[in-house]
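Report on the structure given below.
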Amino acid sequence: PLFTIVNRETCISCGSCGDLAPDVYDYDEEGLAFVMADDNRGCVKVEEDFIEDVQDAFEECPSGSIRIAEESFEGDPDKFE
Ligand code: F3S
């Protein structure tokens, strides 16, 4: 399984993740990204169809704010750091 979360403290609102994975990431009023499926808690498995998109977003985020892991983040972007 794959889980994803955005570190919103380092997101610079570049807009890349929502372009690459529009079914997974959206932006709040300030342009900061979040994971739609679980209100950015990183606890809901990424759907199979979106896994490649998430990997692309992970690779392209200029600030390294997209996190991915094989286990739930349980709301903490730094859980596996
Ligand atoms: Fe922010 Fe990175 Fe997305 S900077 S808008 S999390 S690509």
Same cluster or not: are Val54 and Val35 linked, directly or through other Ile, Leu, Val, Met, Phe, Trp or Tyr residues, by side-chain heavy atoms under 4.5 angstrom apart? yes

Might you point out which heavy atoms bring Cys11 and Gly31 nearest each other, and give the distance in Å? SG-O, 4.5 Å

Using only atom types and a distance under 3.5 Å, with no angle test, would you say the side chain of Asn40 pairs donor to acceptor with the backbone of Ile5? no

Non-hydrogen atoms of Cys43 and Asp38 that approach each other most closely: N-OD2, 2.7 Å

My understanding is that only residues two or more places apart in sequence, or in another chain, count here; which of them pass ring pair (Phe, Tyr, Trp, His ring centres under 6.0 Å) with Phe58? none

Can you pull the side chain to side chain donor-acceptor pair (under 3.5 Å) pairs that have at least one residue in residues 41-56, sequence neighbours excluded? none

Under 4.5 Å between side-chain heavy atoms, chaining through other members, with only Ile, Leu, Val, Met, Phe, Trp and Tyr counted: pull out the rest of the cluster around Met36, sorted by chain and number. Phe34

Name each donor-acceptor pair under 3.5 Å that joins a side chain in residues 66-75 to protein atoms two or more places apart or in another chain, with its distance.
{"from": "Arg67", "atom 1": "NH1", "to": "Pro77", "atom 2": "O", "distance (Å)": "2.8"}
{"from": "Arg67", "atom 1": "NH1", "to": "Asp78", "atom 2": "OD1", "distance (Å)": "3.0"}
{"from": "Ser72", "atom 1": "OG", "to": "Glu74", "atom 2": "N", "distance (Å)": "3.0"}
{"from": "Glu74", "atom 1": "OE1", "to": "Lys79", "atom 2": "NZ", "distance (Å)": "3.4"}

Does anything in residues 16-37 form a side chain to side chain donor-acceptor pair (under 3.5 Å)? List the pairs, not counting sequence neighbours. Thr4-Tyr25, Arg8-Asp28

For Ser63, all residues meeting side-chain hydrogen bond (donor to acceptor under 3.5 Å, both in side chains), sequence neighbours excluded: Ser65

Is Cys14 close to Pro62 at the side-chain level, that is, under 4.5 Å between some pair of heavy atoms? yes

Under 4.5 Å between side-chain heavy atoms, hopping through other hydrophobics if needed: is there a path connecting Phe3 to Phe80? yes

